[in-house]
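Here the structure comes first, spelled out in structure tokens, and everything after it is commentary.
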Amino acid sequence: MTAANPIVIAIDGPAASGKGTLSQRIADAFGFAHLDTGVLYRAVGLSVLRAGGDPADNAAAARAARALDPDHPILREVALRTDEAAQAASKVAAVPEVRAALLDFQRRFTQHPPGGAPGSVLDGRDIGTVVCPDASAKLFVTASLEVRAERRLKELRSRGIPAIPSDVLEDMKTRDARDSQRAVAPLRPAVDAFVLDTSALDADEVFARAVDHIGSKTGLRPSA
Ligand SMILES: Nc1ncnc2c1ncn2[C@@H]1O[C@H](COP(=O)(O)OP(=O)(O)OP(=O)(O)O)[C@@H](O)[C@H]1O
Ligand SMILES: Nc1ccn([C@@H]2O[C@H](COP(=O)(O)O)[C@@H](O)[C@H]2O)c(=O)n1
């Protein structure tokens with residue numbers, strides 16, 4: 001069974017700002033379902049590469065986006081975490097037909113959260129601005145470029161994925177620029193978003209501030 005008007009918490013921000021970590025924690029604490037929408041764009045980018053295509057080819061990217069459904073095995077691949085997949089994702093993400101196909105996927109998730117959860121937490125780049133403009137609470141999680149690159153480097157190495165610090169920094173700069181300068185659904189905080197700079201905050205501090213904000217907007221407190 002699904003609640004009549006499921007609650008939506010929108011969490012946006014640039015790469016490696018900590019929005020995924022925060023979103024999963026918020027979802028667990030409030031008993032909500034979580035959707036990391038970056039995974040969808042990574043899956044589309046990787047599908048195009050695997051088919052021998054160019055992620056900047058609009059027709060190939062749109063085809064891959066339309067073929068993505070929640071049970072597609074590519075959504076669970078470790079290869080999604082590589083920089084190659086991230087760069088391909090940010091190229092397909094600039095294609096309007098890709099965004100339209102993934103918009104349907106994301107809205108279906110918010111309307112029918114898996115497991116009959118009473119709400120959902122979506123994290124990405126355009127959740128508060130485009131996907132869920134009426135979300136109950138919106139957060140924009142950010143951090144300095146250097147802090148984010150350091151976090152991503154640590155993460156890649158801990159997953160056994162080889163990474164060179166200067167490459168990680170450059171890839172992140174390129175992706176930030178592509179994401180914030182594209183014509184459709186660019187990365188930016190919604191006007192009504194709570195902006196949370198995590199550069200000097202650990203994950204517990206970020207969580208506590210987010211819980212306070214969500215409480216002030218919805219009256220909800222964590223159940224776990
Ligand atoms: N406040 C924090 N302090 C230190 N490290 C953090 C913090 N929040 C998250 N991290 C770590 O930083 C890395 C990136 O975090 P996370 O995956 O949550 O970022 P993200 O914004 O979702 O990235 P992406 O959009 O690229 O998926 C992870 O290894 C995570 O454990
Ligand atoms: N709502 C979203 C989410 C992601 N993207 C694009 O996908 C790339 C990968 O996202 P990660 O969150 O996994 O880093 C990202 O650089 C964006 O180009 C998006 O456009 N909208």
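Atoms within a ligand are numbered from 1 in the order they appear, just like the ligands themselves. Side-chain atoms are counted along with the backbone in the values below, which use heavy atoms only and exclude waters and symmetry mates.
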Near ligand 2, at a heavy-atom separation below 4.0 Å: residues by chain and residue number: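 Those residues closer than 4.0 Å to ligand 2 by some heavy atom are Lys19, Thr37, Gly38, Tyr41, Arg42, Ala89, Ser90, Ala93, Arg99, Gly124, Arg125, Asp126, Arg175, Asp179, Arg182.
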Thr21-Arg151 side chain donor-acceptor pair, cut-off 3.5 Å: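 Result is no, nothing qualifies.
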Asp83 side chain to Gln87 side chain, donor-acceptor N/O pair below 3.5 angstrom: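 Note: Asp83 and Gln87 side chains miss the donor-acceptor criterion.
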Residues that Asp197 engages under side chain to side chain donor-acceptor pair (under 3.5 Å), provided they are two or more places apart: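 By the side chain to side chain donor-acceptor pair (under 3.5 Å) rule, Asp197 matches Ser199.
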Option among Arg175, Arg178, Arg42 that satisfies the side chain to side chain donor-acceptor pair (under 3.5 Å) test with Ser90: Arg178
Donor-acceptor pair, side chain of Thr129 and main chain of Pro189, under 3.5 angstrom: no
Under 4.0 Å from ligand 1, counting heavy atoms only: the protein residues, by chain and number: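 Within 4.0 Å of ligand 1, protein side: Pro14, Ala15, Ala16, Ser17, Gly18, Lys19, Gly20, Thr21, Arg42, Arg81, Arg125, Arg151, Arg152, Glu155, Leu201, Asp202, Ala203, Val206.
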Pairwise salt bridge (charged side-chain N to carboxylate O under 4.0 Å, His left out) hits with a residue in residues 114-130, at least two apart: Arg99-Asp126, Arg125-Asp179
Rounded distance [0.5 Å steps], NZ in Lys19 versus CD1 in Ile26: 15.0 Å
Lys/Arg N to Asp/Glu carboxylate O, Glu155 vs Arg159, below 4.0 Å: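 Salt bridge present between Glu155 and Arg159.
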Salt bridge (charged side-chain N to carboxylate O under 4.0 Å, His left out) between Lys154 and Glu150, worked out: CA-CA 6 Å; Lys154 257 172 88 176; Glu150 191 55 41; over 6 Å; no
